[in-house]
Amino acid sequence: MKRIGLFIIASAILLSCSDNRPSSTSEDFGTLSTGGKTSLITLRNSSGASMTLTDYGARIVSINVPDRNGKLNDVVVGYGDIESFEKGKERFMGCVIGRFGNRIDGASFCIDGQRYDVVANEQFDGQPVQCHGGFLGFDRFVWDYKLLNEENRAGVRFHRLSPDGEEGFPGNCDCYVTYWWTDDNVCRIEYRATTDKPTVVNLSNHTYFNLKGSDGGYVMDHLLTVEADTSVQNNTHFCPDILLPVDGSPFDFREPHRVDYRLDMPNRHLEIMHGMSACWKLRDWDGTLRRAADLYERRSGRGVETWTTEPALLTYTGRGLSESIVGKYGPLEKYGAMLLETIHFPDSPNQPRFPSTVLRPGGEYVSVTEWRFYAK
């Protein structure tokens with residue numbers, strides 16, 4: 001099964017070089033244990049760069065971009081076959097996370113005085129916590145999709161209706177996630193949602209990156225810049241506790257630094273999270289599309305800028321990855337990948353100091369993130 005998935009990805013790279021027009025195509029990607037059929041979607045641009053996705057979890061499978069010498073390679077760390085995406089140890093590879101991305105402390109929240117208890121899939125210090133939508137989050141479903149083609153970009157629009165009461169969330173939540181792959185190697189993700197009851201919505205994408213390419217390796221020697229003066233210190237439930245200035249901390253990336261440049265510094269947040277897992281409050285957030293971060297890998301010359309309408313950026317540097325997790329190019333390694341996750345703050349429904357994640361009937365949830373790949 002893994003060989004089949006890897007063959008499909010490799011074929012997509014080769015096919016991307018045979019046509020100079022942006023295009024979107026789909027093919028069979030295998031069958032889930034439930035009997036559900038899945039598809040692999042390939043988006044390719046006029047330069048030969050491409051990305052592949054699957055309708056299972058509306059997730060990214062690969063992104064193939066050039067290094068400084070023009071050599072294409074896959075910068076996404078993860079699985080390459082549907083069996084691994086369904087049953088693998090690392091559940092959230094490349095997927096859309098929702099209905100509420102990241103954590104809700106106490107696995108409960110109130111809207112207009114009404115309490116809602118959502119399904120807890122984690123527990124800390126004896127207290128329930130929901131993470132990434134519960135046991136049956138958005139990653140566990142096959143989404144409907146429609147292929148899109150425009151002059152300078154190719155895309156796919158995924159859709160699913162999250163029913164009232166799913167994992168404890170109120171309201172029928174109608175969700176669309178559109179991925180565009182442009183001629184200038186930009187992955188643009190557009191999220192939209194409506195509801196028929198007040199609910200909370202916080203969607204994001206959980207793709208792991210390593211700009212070195214398919215050979216992988218230690219990701220924390222990448223150079224990171226973050227447009228933030230403030231970071232979050234978590235409580236022992238991995239939910240926001242204190243907002244702190246980044247000055248003098250391991251989270252000061254206002255200028256480019258190796259991700260691990262202060263990893264051994266005594267720090268309460270690093271201690272709680274057992275390593276580099278950080279959330280930043282982005283500077284001067286106003287809901288418009290703004291640059292959040294830049295990640296650059298010196299050996300290959302590949303880089304990616306993250307732009308978003310979201311107020312926060314979260315990263316996790318793969319401390320839980322290990323050789324026991326076999327990805328599309330072989331066993332993974334600890335600190336072999338990292339997230340560039342744009343998001344509203346974790347636990348926002350319980351913390352009024354953060355921008356609201358409440359969506360009401362008649363309103364629309366709208367969020368945009370772009371990963372702008374480059375080489376120098």
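Note that the coordinates shown come from a computational prediction; the quantities given were computed from them, not determined experimentally.
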Quick test of your reading of the model: are [X] and [Y] salt-bridged, counting only N-O distances below 4.0 Å?
| X | Y | answer |
| --- | --- | --- |
| Lys212 | Asp221 | yes |
| Asp229 | Arg283 | yes |
| Asp74 | Lys328 | yes |
| Arg290 | Glu370 | no |
| Glu167 | Arg99 | no |
| Glu122 | Arg103 | yes |

Are the side chain of [X] and the backbone of [Y] linked by a donor-acceptor contact shorter than 3.5 Å?
| X | Y | value |
| --- | --- | --- |
| Arg44 | Ser24 | no |
| Arg302 | Glu297 | no |
| Ser26 | Ser39 | no |
| Asp81 | Ser84 | yes |
| Arg68 | Arg298 | yes |
| Asp260 | Leu263 | no |
| Ser348 | Thr357 | no |
| Thr195 | Gly171 | no |
| Asn102 | Pro346 | no |

Mind checking whether Phe124 and Phe238 have ring centres under 6.0 Å apart?
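Aromatic pair counts; centres sit under 6.0 Å.
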Ring centers of Tyr79, Phe85 separated by less than 6.0 Å:
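Ring centroids of Tyr79 and Phe85 are less than 6.0 Å from each other.
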If we ignore angles and hydrogens, is there a donor and acceptor under 3.5 Å between the side chains of [X] and [Y]?
| X | Y | result |
| --- | --- | --- |
| Lys89 | Ser324 | yes |
| Asp139 | His206 | no |
| Glu190 | Tyr179 | no |
| Glu255 | Thr225 | no |
| Asn235 | Asp105 | yes |
| Asp55 | Thr38 | no |
| Tyr218 | Asn210 | no |
| Thr31 | Lys37 | yes |
| His344 | Glu310 | yes |
| Asn64 | Ser50 | yes |
| Thr178 | Arg157 | yes |

If you measure from [atom1] on [X] to [atom2] on [Y], what distance do you get to the nearest 0.5 Å?
| X | Y | atom1 | atom2 | value |
| --- | --- | --- | --- | --- |
| Cys95 | Trp143 | SG | CH2 | 10.0 Å |
| His269 | Asn267 | NE2 | CG | 7.5 Å |
| Ile63 | Thr207 | CD1 | OG1 | 6.0 Å |
| Ser277 | Leu314 | OG | CG | 5.5 Å |
| Leu53 | Ser62 | CG | OG | 8.0 Å |
| Glu86 | Leu32 | CD | CG | 4.5 Å |

Is it true that, when you exclude Gln114 itself, more than 12 heavy atoms of the residues, nucleotides or ligands shown sit nearer than 6.0 Å to its CD?
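Enclosed.
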Hey, what else clusters with Phe135 if you join Ile, Leu, Val, Met, Phe, Trp, Tyr whenever side-chain heavy atoms sit under 4.5 Å?
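For the cluster that includes Phe135, the remaining residues are Val119.
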Using the side chain to side chain contact (heavy atoms under 4.5 Å, CB included) rule, take Val75 and Val65 through it: C-alpha gap first, then chi angles, then the decisive distance, then the call.
CA-CA 7 Å; Val75 297; Val65 289; 3.8 Å; yes
Centre of Tyr296's six-membered ring, under 6.0 Å away, within 45 degrees of the axis: is that where NZ or CZ of Lys376 sits?
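Judged by the rule (NZ or CZ under 6.0 Å from the ring centre, within 45° of its axis), Lys376 counts as positioned above Tyr296.
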Compute both the distance and the angle, then confirm whether Arg153 meets the cation-pi test with Trp181: under 6.0 Å from the six-membered ring centre, within 45 degrees of the axis.
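Pair Arg153/Trp181 does not count as cation-pi.
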If hydrophobic clusters are built by linking Ile, Leu, Val, Met, Phe, Trp and Tyr wherever their side-chain heavy atoms come under 4.5 Å apart, do Tyr145 and Trp180 end up in the same one?
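Not linked; separate clusters.
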Might you work through the side-chain hydrogen bond (donor to acceptor under 3.5 Å, both in side chains) test for Ser46 and Asp183, ending with a clear yes or no?
CA-CA 6 Å; Ser46 59; Asp183 270 350; 2.9 Å; yes
Could you walk me through whether Asn73 and Ser214 pass side-chain hydrogen bond (donor to acceptor under 3.5 Å, both in side chains), step by step?
CA-CA 6 Å; Asn73 207 333; Ser214 58; 3.0 Å; yes
Mind checking whether His257 and Tyr261 have parallel, tilted or perpendicular rings, split at 30° and 60°?
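Rings of His257 and Tyr261: parallel, as their planes differ by under 30°.
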Who are the ring-ring contact (aromatic ring centres under 6.0 Å, His included) partners of Trp371, not counting sequence neighbours?
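Once residues adjacent in sequence are excluded, the partners of Trp371 under the ring-ring contact (aromatic ring centres under 6.0 Å, His included) criterion are Phe209.
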Closest non-hydrogen atom pair between Ser47 and Asn185, with its separation
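Here Ser47 and Asn185 meet closest at OG-OD1, 3.9 Å.
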Would you name the heavy atoms of Asp252 and Val246 that are closest together and state the gap between them?
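Taking every non-hydrogen atom into account, CB-O, 3.3 Å.
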Under the criterion side chain to side chain contact (heavy atoms under 4.5 Å, CB included), I'd like the reasoning laid out for Met220 against Arg319: C-alpha separation, chi angles, the key distance, then a yes or no.
CA-CA 11 Å; Met220 295 179 70; Arg319 69 178 182 277; over 6 Å; no
